[in-house]
2 protein chains.
Amino acid sequence: MAETLWREIETALKAEIASGRYQPGEKLPTEAALARRFGVNRHTARRALAAMAEAGLILTRRGSGAFVAFRPATYPLGRRTRFHQGLSEAGRSPKKEILRLETLPAGKREAEALGLAPGDLVHVWEGVGLADGAPLSYFRAAFPAARLPGLKEGLAETRSVTAALAREGVADYVRVSTRLSAERARPFEARHLRLAEGAPLLLSVSVNATPGGEPVEYGRTWFAGDRVVLEVAAG
Amino acid sequence: MAETLWREIETALKAEIASGRYQPGEKLPTEAALARRFGVNRHTARRALAAMAEAGLILTRRGSGAFVAFRPATYPLGRRTRFHQGLSEAGRSPKKEILRLETLPAGKREAEALGLAPGDLVHVWEGVGLADGAPLSYFRAAFPAARLPGLKEGLAETRSVTAALAREGVADYVRVSTRLSAERARPFEARHLRLAEGAPLLLSVSVNATPGGEPVEYGRTWFAGDRVVLEVAAG
DNA sequence: GTAGATTTGTGCGTATGTATC
DNA sequence: AGATACATACGCACAAATCTA
């Protein structure tokens with residue numbers, strides 16, 4: 001045989017997932033069952049599952065099983081993109097799940113990006129962006145608290161950066177800079193994005209400012225690389 | 001024990017790499033030697049190496065050994081960015097290694113992006129972008145051959161898209177669209193980028209056109225996620 | 001250039017730990 | 001509490017790629 005055993009098993013299982021034999025979220029057979037079915041040692045079946053987990057196709061939970069992961073989406077990125085807006089236009093139904101919302105002293109990078117002194121307060125907002133029930137992104141945003149005293153309450157009520165900023169008198173804002181790189185999912189992100197550890201993430205670090213140039217948000221977003229495509233607008 | 005054996009070994013080796021005990025490009029001890037040193041089975045040492053390889057910290061070559069990987073760089077991305085230009089400004093010394101340069105019928109996506117009919121000819125240019133000796137990107141670009149008959153020779157001589165297009169009468173061009181996502185390195189890319197299979201890549205798919213809107217290049221570039229940060233220009 | 005030694009990759013078998021059901 | 005299922009770890013054997021004398 002040209003291929004190794006575990007790769008053959010991986011190929012077979014991938015094909016079955018692609019064919020719909022196993023649906024997203026569905027549990028795969030146990031390692032023991034797969035080993036019996038393919039006539040191999042359990043370790044060999046495990047090797048195939050490990051590769052699929054590493055590729056983000058499935059995720060495994062100790063004591064529970066291996067489950068088929070979710071599917072991709074696209075998401076435009078430009079100077080004036082908004083998360084909700086972009087996904088709505090792509091025909092998805094976006095939601096935000098808020099994990100944290102509180103006022104804290106700014107971190108070093110946050111202070112620098114927002115033009116604050118060390119120790120100045122920022123509103124920190126963390127959460128998960130979802131579409132059609134599947135998590136697409138994990139975000140952490142910081143807003144200068146002194147300039148935007150009521151923003152925390154606005155975010156809690158509206159769950160929208162645009163709406164909350166409007167209440168604070170910031171009628172418009174634009175992306176000043178965006179830096180992109182690829183990272184592997186750490187346990188924390190993997191859990192919230194329902195991905196396997198090590199899955200490829202697209203990290204976006206951006207600064208939003210008023211048209212006058214006053215920074216109002218420093219945000220980092222980790223997108224599930226398999227589920228999202230960012231599009232840089234033409235201009 | 002709080003941690004697993006293989007994680008302890010991984011932590012120890014990472015610390016030694018971080019401390020400079022092992023330099024980038026340097027070979028680590030053999031699996032057998034590591035197993036002896038840490039008093040574990042070879043498989044356990046292998047598990048630690050596999051995790052580090054998966055994280056892109058080292059890369060392994062069968063029959064040869066495990067080698068410490070290279071480190072990051074930054075690279076700006078905008079409407080008018082050029083690869084060479086961006087890296088020069090970042091204080092790096094960029095180079096291109098050309099792997100392929102020939103004229104072929106356009107692929108489906110290439111034809112669509114360039115506004116060609118199926119079967120029309122394109123110049124295909126593939127290669128690796130390097131800085132300071134470390135590979136940063138693998139690229140494949142397609143140019144419409146009918147519109148740019150002498151481009152292939154221009155690319156071979158100048159090794160520069162901008163210069164070769166200028167010879168063909170295209171004095172200026174801009175990025176029309178850029179789509180970004182994160183992928184895992186396949187064996188092919190891993191080899192050319194000197195990364196491990198599965199390492200996170202930043203995939204950029206872009207179309208360049210003349211100011212008049214005539215598409216002149218359809219390019220895909222896979223950046224080593226650990227070595228490159230793309231920056232989306234403010235305007 | 002080649003034969004042999006070295007080194008990583010694959011596979012099986014067994015045992016035990018740990019989280020989940 | 002017991003059964004189930006994934007995770008870790010050891011040991012042995014051989015294959016495949018590489019390096020070296």
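So you know, we letter chains A, B, ... as the sequences are listed, proteins then strands, and number each from 1.
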Worksheet entry | Bend angle of the helix from C:dT2-D:dA21 to C:dC21-D:dG2, end axes from five pairs each (to 10°) | 10°

Given atom [atom1] of [X] and atom [atom2] of [N], what is their separation to the nearest angstrom?
X       : N     : atom1 : atom2 : answer
B:Glu10 : D:dA7 : CD    : C1'   : 15 Å
B:Ile9  : D:dT8 : CD1   : P     : 13 Å
A:Arg47 : D:dC6 : CZ    : C1'   : 16 Å

Discussion item. D:dA7, OP1 or OP2 - any side-chain N/O from A:Arg46 closer than 4.0 Å?
Written reply: yes

Discussion item. Please give me every residue in residues 26-41 of chain A whose heavy atoms get under 4.0 Å of an atom in DNA chain C, ordered by residue number.
Written reply: A:Val40, A:Asn41

Item to complete: Produce a footprint string for nucleotides 13-20 of chain D: one letter per nucleotide, 5' end first; B if the base is under 4.0 Å from any protein heavy atom, S if only the sugar-phosphate is, - if neither.
Response: B--BBBS-

Worksheet item: Which residues satisfy the salt bridge (charged side-chain N to carboxylate O under 4.0 Å, His left out) test with A:Glu112, sequence neighbours excluded?
Response: none

Practice prompt. State which of C:dG9, D:dT8, C:dG11 makes the closest approach to the side chain of B:Trp6.
Written response: D:dT8

Worksheet entry | Residue pairs, two or more places apart or on separate chains, that pass salt bridge (Lys or Arg N to Asp or Glu O under 4.0 Å) and touch residues 98-107 of chain A | A:Arg100-A:Glu102, A:Arg100-A:Glu126

Fill in: Aromatic A:Phe67 / basic A:Arg61 pairing, under 6.0 angstrom, 45° off normal
yes

Discussion item. Against B:Glu31, only a single residue in B:Arg46, B:Arg62, B:Arg47, B:Arg36 fulfils salt bridge (Lys or Arg N to Asp or Glu O under 4.0 Å); can you say which?
Written reply: B:Arg46

Discussion item. If you apply the rule ring-ring contact (aromatic ring centres under 6.0 Å, His included), what do you find for B:Trp125 with B:Phe139, and how did you get there?
Written reply: CA-CA 8 Å; B:Trp125 194 33; B:Phe139 62 88; 5.1 Å; yes

Item to complete: Identify, with sequence neighbours excluded, every residue that meets ring-ring contact (aromatic ring centres under 6.0 Å, His included) alongside B:Phe38.
Response: none

Worksheet, complete the sentence: All heavy atoms of B:Val124 vs all of B:Leu104, minimum pair found to be CG2-CD1, 3.9 Å

Worksheet, complete the sentence: Correct closest heavy-atom pair for B:Ser181 and A:Leu202 would be CA-CD2, 4.0 Å

Worksheet item: Okay, side chain of B:His123, backbone of B:Leu148: is any donor-acceptor separation there less than 3.5 Å?
Response: yes

Item to complete: Output yes when a side-chain donor or acceptor of B:Glu16 lies under 3.5 Å from a complementary backbone atom of B:Leu13, and no otherwise.
Response: no

Fill in: A:Glu110 and A:Arg140 ion-paired at < 4.0 Å
yes

